[in-house]
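Please read the structure below before turning to the comments.
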Amino acid sequence: MRQPAILILLGPPGAGKGTQARLLEERYGLVQLSTGDMLREAVAAGSPAGLAAKTAMEAGGLVCDEIVLSVLEERLNASESREGVILDGFPRTLGQAEALALLLRKRDQKLASVISLEVDDEAMIDRVSGRYSCASCGEGYHDRHKYPATAGVCDGCGGATFKRRPDDKADTLRERLVAYHAQTAPLIGYYEGQGLLARIDAMQDIASVQEAMARIMAPITV
Ligand code: AMP
């Protein structure tokens with residue numbers, strides 16, 4: 001039986017990890033595992049992990065590795081992850097990358113590829129500060145770059161309620177960017193050294209990024 005494909009999407013907030021992960025899900029039947037989504041769910045549910053994560057998330061800092069690993073491992077074990085997974089927003093530190101390597105070794109699995117979505121900081125701030133999404137289906141929109149075809153109505157599901165992430169505010173966003181450069185960007189060299197890294201210029205439009213992604217996926221999904 002073919003091993004499930006394990007992919008990592010690396011990139012600063014606003015690089016388009018979530019958008020591309022959703023497209024990969026549709027096209028290849030993989031499951032997006034976003035630690036940010038899992039932590040937001042834990043915060044909303046008021047679980048012990050959520051309560052512990054809340055302060056760091058509100059400040060734009062990183063949640064401690066122990067909590068992140070516990071929420072992720074639970075989901076990796078779930079049957080929905082059998083075809084393969086896209087890790088979106090994980091790992092974010094070298095400690096998490098090493099913990100992931102150990103976890104995969106225990107499961108006799110390997111990383112297929114680590115895709116680095118590269119954008120410049122100012123463009124990232126522009127993208128993130130205007131984004132919002134449909135509260136029902138999660139389809140993403142932007143104040144300046146992507147509107148629903150009919151104002152106030154989601155193109156994807158017809159929903160009329162939209163939401164913005166509280167940590168997309170400019171000051172929190174700058175903290176998230178600082179955390180990315182200090183703690184996550186070193187993973188680019190780490191995975192490059194292992195021959196696993198593929199870089200994509202994520203300043204291109206969504207379709208071009210998707211094409212670049214398809215070229216990376218071709219040898220993985222045959
Ligand atoms: P994201 O949705 O990926 O932008 O994540 C939102 C927030 O959740 C981040 O700013 C962090 O506070 C927290 N977070 C998500 N993933 C991780 C992770 N792998 N390690 C630590 N904190 C995380």
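Reckoned from all heavy atoms, side chains included, excluding hydrogens, waters and symmetry mates. Order of appearance sets the numbers: ligands from 1, and atoms from 1 within every ligand.
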Compile the protein residues with any heavy atom at a distance under 4.0 Å from an atom of ligand 1; present them by chain, then by number.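 If the criterion is a heavy atom under 4.0 Å, then ligand 1 touches Thr35, Gly36, Leu39, Arg40, Met57, Gly61, Leu62, Val63, Val68, Gly89, Phe90, Arg92, Gln96, Arg165, Asp167, Arg176.
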Counting only heavy atoms not in Ile206, do more than 12 sit closer than 6.0 Å to its CD1 atom?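 Count not over threshold, so no.
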Any donor-acceptor pair under 3.5 Å linking the side-chain atoms of Ser116 with those of Glu118?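 On atom types as modelled, these side chains qualify, holding a pair under 3.5 Å.
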Does Asp121 have any salt bridge (Lys or Arg N to Asp or Glu O under 4.0 Å) partners at least two apart in sequence or in another chain, and if so, which?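 So Asp121 forms no salt bridge (Lys or Arg N to Asp or Glu O under 4.0 Å) with any residue.
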Check whether Gln96 reaches the backbone of Arg92 with its side chain - one donor and one acceptor, N or O, closer than 3.5 Å.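 Answer holds: yes.
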Salt bridge between Lys146 and Asp155, side-chain N to carboxylate O under 4.0 Å?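 No, Lys146 and Asp155 are not salt-bridged.
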Using 4.0 Å as the upper bound for N to carboxylate O, is an ion pair formed by Arg174 and Asp171?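 Result for this pair is no, no salt bridge flagged.
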